[in-house]
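Only one structure is covered here, and it is reproduced in the block below.
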Amino acid sequence: MSSQVIEEQDLFLDDDTNFPEQTSFWWPAETTTKPVNDGVIDSLRTQLAGPSTGKAGLANIDKEKVNAIIYEASKGSAYFENERRKDKTVTKRIETMLIEASKVREMDLSMETRIVDGMIREFEESRDLSQTICHVDMDAFYASVEELDAPEWKNKPMAVGSNAMLSTSNYIARTFGVRSAMPGFIALKLCPDLCILPHNFKKYQAASDKVRAVFAKYDPDFSPMSLDEAYLNLTKVSLKERLETNSMTASELVQTIREEIFQSTQLTASAGIGPNKLLAKICSDFQKPNGQFEVSNDREAVQKFMAALPIRKIFGVGRVTERVLDSLGVKMCSDIYAHRALLYKLLSPISFKFMLRSYLGLGSTVVKAETTRKSISVERTFDALSAVGDLILKVEELAVLLAKDLADAGIKGKTIGIKLKLSSFELRVRSKTMPFYISSAEDIARIAGELLFKEMPVSLRLMGIRMSSLQPLVNENGLKKYFSAKIPNKQSIEDEEDMTPYIPEDYPMEAELSEEGDIENKSSLTCPICNRCLQLDNLEFNQHVDGCLSKIEVGLLL
DNA sequence: GGGCTGGTGGCAT
DNA sequence: TTCCAATGCCACCAGCCC
């Protein structure tokens, strides 16, 4: 598995938002910004503040002031306008639901209540309290690793990432409201003294390897969620091992694990213990940093724990779901029960079941080391591009990267998807499933190019290509394919149809090729429309593709 | 009409 | 001036088949 995948996931999984007791929000009097209120509703300001800000641990921070600064820094940008559009969509969705809710509230819901109570009884019967699951989460992982090499950062606000986006921040920086998934330039407005260190994934991987070695000792099948986070099933740790580690209870065992992690890495970890993954995950956030929390394997303890929990604490409930449920009066998990008949009527069966199970504190107990990968993708952000030739080059560039990742992973796939982020931040995803498997850069570029051209004209700030419906490569030819000659290249297709777009025989293609020019500045480029390999410079190539596109419009091609 | 598959959008980490 | 990258899951809809 590509290690980069895990590292990148980590950017968002690092949501350890609790703070040391002594922290308080620093606010110089002369720069105090009054919370703005120019007609923008609170939901948008909360939305702009970023993910995870509603989670526990921010009690010591003046959220109003932080949000006001973020709002001021974002106002007027394309990003801001897009957030406003998204906010309106959610608002509309909520309005529609509230109309429905007012109708439902007038109805006699005794039958629905009985149905839900029946579901609860059924769920109760399936409750498994026999397992001891632990979720371990390293504290401010990237930042803490950096502090190992440079201890002076321990007393200064520091974050890891870039001017565009932060992965994580140390606890000093968090007292300023600086946190993961925040753009660096906004973080600097919150904390002008903040130092932003670039990523050093090799270091984080090395530290992670040490942490995982400890995990493996206690559960060889531990399930890593990212570089700094994993689930362990401690049920099977034998009494003998517990005695050897001088620990009898699950809590003592986890204490031992955390101590071993510290011995090995000088890094602190927080942990949660419970009868399933849902509870363990929530608990690991409770005593951050460098702490642990346990919910005992007892139905009443679990119910009591869950009832007092804000719904946002549930893994899978984000800002949007929180807003939607809040509009229905559901803020805490106990509210799910109080409003069970209404929610039963309004939510989809799957969503309702998820909420009800969460209220009951029921979750999966399956801790598995490996899961099969479902998709593999690459994406890049860049300065706005709209010229056809530039976009084609970008497709080819990404296709090469994806083909390499596929080759490294030894897989091929049938479904190609493109992801486009317009300069307006509007997101578009398009995909196409082929009747055969592909893995070469050429095939990927051609299909991705076809998808892209249907969206033209566009001005893009991000492009991504994803391959899904995956299957392992069975022979070496498949692996060699991408590195072999450019065209034609069909060995992975074998008995399947030819993918080359149909081009009429009398189609006049070669005008550009016969032109004179400085061959030094020309490179070999494949037009994704007519699939010809051309020796052209960028300008000529753009003109060629534009010509092909106009031919598509009049139905001459494809 | 119900199940299946594929495509798109959205939400989540 | 500046808002990442990779992946999974689900809802909803349309089209197809039996």
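A quick note: this is a predicted structure, and the numbers were derived from the prediction, not measured. Here is the naming used below: chain letters follow the sequence lines, and residue numbers restart at 1 for every chain. Because only heavy atoms are used, hydrogens play no part in the values below, and waters and symmetry mates are left out as well, while side chains stay in.
- In this structure, the nucleotide among B/dT13, C/dA6, B/dG7 sitting nearest to the side chain of A/Glu379 is C/dA6.
- For the pair A/Lys419 and A/Ala164, nearest-nucleotide mapping onto DNA chain C gives the more 5' position to A/Ala164.
- Rounded to whole angstrom, the span from the CG atom of A/Leu462 across to the P atom of C/dA5 amounts to 6 Å.
- Phosphate contact (OP1/OP2 of B/dG6, side-chain N/O of A/Ser431, threshold under 4.0 Å): absent.
- Taking the six-membered ring where the residue is Trp, A/Tyr142 and A/Tyr204 present parallel rings, their angle staying beneath 30° rather than reaching 60°.
- Note that A/Arg357 lies in the cation-pi zone of A/Phe123, set by a 6.0 Å cut-off to the ring centre and a 45° limit from the axis.
- The side chain of A/Val378 lies closest to C/dA6, out of B/dC11, C/dA6, C/dA5.
- Between A/Arg258 and A/Asp139 there is no salt bridge, since no side-chain N of the basic residue sits under 4.0 Å from a carboxylate O of the acidic one.
- Between the CG atom of A/Leu190 and the C1' atom of C/dT2 there is a distance of 15 Å, rounded to whole Å.
- The distance between atom CG of A/Leu325 and atom P of B/dC11, rounded to the nearest whole Å, is 13 Å.
- The interatomic distance linking A/Phe201 (CZ) with C/dA5 (P) rounds to 11 Å, in whole Å.
- As judged by a 4.0 angstrom heavy-atom cut-off over every strand, A/Ser162 is placed among residues making no nucleic acid contact.
- The interatomic distance linking A/Ile376 (CD1) with C/dA5 (C1') rounds to 13 Å, in whole Å.
- One finds no side-chain N or O of A/Thr433 lying less than 4.0 angstrom from the OP1 or OP2 phosphate oxygen of B/dG6.
- With C/dC4, B/dC11, C/dA6 as the choices, the nucleotide that has an atom nearest any side-chain atom of A/Arg380 turns out to be C/dA6.
- For the pair A/Glu455 CD and B/dG7 P, the computed distance is 14 Å after rounding to whole Å.
- Each of B/dG9, C/dT2, B/dG7 was ranked by its minimum atom distance to the side chain of A/Arg430; first place goes to B/dG9.
- For the pair A/Lys331 and A/Glu322, the salt-bridge criterion is not met [side-chain N within less than 4.0 Å of a carboxylate O].
- Dashed line: the shortest gap from a side-chain N or O of A/Thr381 to OP1 or OP2 of C/dA5 is under 4.0 Å.
- Contact annotation: A/Ser167 does not reach the phosphate of C/dC4 (side-chain N/O to OP1 or OP2, under 4.0 Å).
- Taking atom CE on A/Met225 and atom P on C/dA6, their separation rounds to 18 Å, with Å as the unit.
- Within 4.0 Å of A/Leu427, counting heavy atoms only, lies no atom of the nucleic acid at all.
- Rounding to whole angstrom units, CZ of residue A/Phe354 and C1' of B/dC11 are separated by 11 Å.
- Comparing atom distances between the A/Lys281 side chain and each of B/dT13, C/dG8, B/dC11 picks out B/dT13 as nearest.
- Using a 4.0 Å heavy-atom cutoff across all strands shown, A/Lys421 reaches sugar-phosphate atoms only and no base atom.
- Distance CD/A/Glu112 to OH/A/Tyr344: 7.0 Å, rounded to 0.5 Å.
- OP1 and OP2 of B/dG7 both lie 4.0 Å or more from every side-chain N or O belonging to A/Arg428.
- Comparing A/Arg466 and A/Phe425 along DNA chain C, the residue whose closest nucleotide (by nearest heavy atom) sits nearer the 5' end is A/Phe425.
- You'll find that the side chain of A/Ala181 is closest to C/dC4, out of C/dC4, C/dG8, B/dT13.
- Residues A/Phe305 and A/Phe286 place their aromatic rings such that the two centres sit under 6.0 Å apart.
- Listed candidates were C/dC4, C/dG8, C/dT7. Nearest to the side chain of A/Ser377 is C/dT7.
- Looking at heavy-atom distances under 4.0 Å, A/Ser351 makes contact with sugar-phosphate atoms alone, never a base.
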